[in-house]
Amino acid sequence: MRVLRRTLGTLLVLGAAVSCTAAHGDDAKPRGERPAALAPYERLLPAPASARAAGPGYAFGAGTVIRTGLADGAAADEVRQVGELLAEQLRGPSGLPLPVVDAADDKDADGIRLRLDEDAAGLGREGYRLETAASGVTLTARTPAGLFHAGQTLRQLVPLSGPGTVPGGTVTDAPRFAYRGAMLDIARHFFTVEQVKRYVDQLAQYKVNALHLHLTDDQGWRIAIDAWPRLAEYGGGSEVGGGPGGYWTKEDYRELVAYAGARYVDVVPEIDMPGHVNAAQASYAELNCDGKARERYTGIKVGFSSLCVGKERTYEFVDEVLGELARLTPGRYLHIGGDEALSTPAADYAAFMDRAQKTVGRYGKTVVAWHQLATARPAKGAVLQYWGHDRTAAADKAAVAAAAKAGHPVILSPADRLYLDMKYDRATKPGLAWAGYVPVQRAYAWNPGSYLPGVAESSVLGVEAPLWTETIGTRGDLEYMAFPRVLGLSELGWSPASALDWTSYRQRLSAQGPRLDAQDITFYRAPDVPWS
Ligand code: IFG
């Protein structure tokens with residue numbers, strides 16, 4: 001029945017999506033047009049709060065030095081790490097030596113200077129100022145995270161390859177939303193730490209600052225838990241389509257968390273409960289109400305599994321799993337799922353989520369859950385992740401609005417705009433279409449600040465683009481579905497509302513094409529973007 005409903009839904013949404021796109025009329029322009037080449041400060045993505053070209057540029061060349069000595073104490077070490085990482089990121093494309101020095105005495109000497117200034121007004125926790133003149137480039141921020149983001153902007157101001165001139169000017173910038181995330185489902189299809197590190201590199205250059213890892217589902221359990229070893233050893237041994245699956249050891253997870261952290265990307269781990277638990281229930285008979293272990297599942301249906309809410313052993317499982325994961329996770333959030341618990345009666349769902357949320361709190365973390373939690377009892381401070389779409393029932397949207405009014409922050413992940421596993425159009429090979437097709441423009445042309453009725457911008461913690469992997473099992477497919485739409489996520493999360501304009505964005509996006517090519521990213525050359 002569920003599959004049928006999805007199909008019917010698809011037909012309905014397809015109609016809407018097509019009529020909506022056609023109604024836009026933007027596509028009426030001739031495809032053949034070539035955008036006038038944008039000046040360097042006009043093609044930055046995500047668009048900065050303010051940028052202006054002025055004065056002579058800086059000769060970025062063999063003599064360029066990166067200077068990091070403009071901080072003291074612990075901050076100095078972190079600033080040096082930011083400088084080393086920036087040097088690494090610039091050396092490849094430029095072929096330049098770019099030594100990193102932390103001698104504070106030559107603070108105004110030639111080169112790229114990273115400067116911490118706790119009093120720098122208006123830059124907030126992640127903002128920065130980037131000033132380029134003949135003597136060099138000065139990156140100023142209140143935090144190392146801000147310096148990192150300044151460096152990512154500088155990467156778009158230096159030549160795509162080789163030495164050259166960084167045009168004179170100033171960028172003063174700070175993000176609109178605190179949370180700018182991407183989710184990767186490594187449960188349906190297994191992805192290695194190396195593959196995820198690559199995705200983190202790609203996301204961090206566009207100032208995405210959260211990676212939500214969907215670690216467990218019906219088809220796979222992907223994180224080793226000491227107290228429950230069969231979860232990963234057995235529950236991680238298959239995946240959609242019957243492949244070998246796999247899992248991350250705690251060391252793997254720590255390595256990815258550290259790698260992401262050095263790029264100011266917080267990892268948000270998700271243990272999906274009480275539904276989406278077949279892999280766990282196949283691993284341990286005692287997690288099933290009837291005491292019988294389930295078969296491992298390699299299909300793509302949802303909603304058929306549920307933890308045994310009435311069994312105390314279930315809560316020992318929840319406590320030990322979340323406790324081990326919390327100790328591995330420096331970030332503030334633990335995601336406990338809560339979606340599609342179609343085999344859990346509503347009262348049981350609410351009772352279960354009450355206890356699971358208390359467990360998260362006991363480990364000092366903040367709950368994130370899919371927005372179905374709004375129909376139960378969200379714990380104080382719990383964050384709701386909205387994954388509805390244009391056809392979501394008004395009552396569901398109202399429940400989220402009520403929770404927002406009650407003080408719960410909302411992360412917006414509308415399935416018919418930000419689900420990266422939605423096909424671009426009928427011809428897209430991988431992906432699903434239950435929320436309709438999502439062309440590049442539809443993923444970008446909306447305003448998170450006024451998207452959900454009754455959810456004011458002040459309640460919007462940010463945006464996140466999930467990539468579910470029922471039909472995606474390779475790096476190529478991952479990149480094809482994520483790029484270029486995740487760049488739209490980056491701009492929706494970072495740039496001021498006044499910068500959100502499809503006509504300007506599509507040109508700036510096309511200017512990113514050569515950069516994506518240079519990084520060997522297999523992106524979709526969407527027909528609605530004038531790629532050079
Ligand atoms: N919905 C399910 C996912 C996945 C997705 C595929 C959520 C929160 C459809 N739940 O999205 O597990 O199957 O597009």
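Nothing here was measured: the structure is a model prediction, and the numbers come from that model. Order of appearance sets the numbers: ligands from 1, and atoms from 1 within every ligand. The first residue in the sequence is number 1, and the count goes up from there.
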Open item on the list: If we ignore hydrogens and angles and just use 3.5 Å, is the side chain of His408 paired with the main-chain N or O of Val383 as donor and acceptor?
Closed with: no
Task: Under 3.5 Å: N/O of Glu470 near N/O of ligand 1 - done: yes
TODO: Cation-pi check, Arg296 to Tyr234: give yes when NZ or CZ is under 6.0 Å from the six-membered ring centre and within 45° of the ring axis, no otherwise.
DONE: yes
Open item on the list: I want to confirm something. Looking only at heavy atoms, which of Trp434, Tyr386, Tyr419 is nearest to atom 11 (O) of ligand 1?
Closed with: Tyr419
Open item on the list: Ring-plane angle category for Trp228 and Phe317, please: parallel below 30°, perpendicular beyond 60°, tilted otherwise.
Closed with: perpendicular
TODO: Look at atom 2 (C) of ligand 1 and find which of Glu340, Gln372, Arg188, Met183 reaches it with the closest heavy atom.
DONE: Glu340
Open item on the list: Please confirm whether His214 approaches ligand 1 to less than 4.0 Å, judged on its heavy atoms.
Closed with: no
Task: Contacting atoms of ligand 1, where contact means under 4.0 angstrom from a heavy atom of Asp339 - done: 2 (C), 7 (C), 8 (C), 10 (N)
TODO: Flag the pair Arg355 and Glu312 as a salt bridge only when some basic side-chain nitrogen lies within less than 4.0 angstrom of an acidic carboxylate oxygen.
DONE: yes
Open item on the list: What I want to find out is whether Glu194 reaches Arg198 closely enough, with some N-O distance under 4.0 Å, to be called a salt bridge.
Closed with: no
- [ ] Indicate yes or no: does Arg417 engage Asp390 in a salt bridge with an N to O separation below 4.0 Å.
- [x] yes
Open item on the list: Give the atom numbers and elements of ligand 1 that come within less than 4.0 Å of a heavy atom of Asp421.
Closed with: 6 (C), 14 (O)
Open item on the list: Taking a cutoff of less than 4.0 Å between a non-hydrogen atom of the residue and any ligand atom, is His276 in contact with ligand 1?
Closed with: yes
Open item on the list: Need the ligand 1 atom indices (1-based, order shown) with element for anything under 4.0 Å from a heavy-atom of Met422.
Closed with: 14 (O)
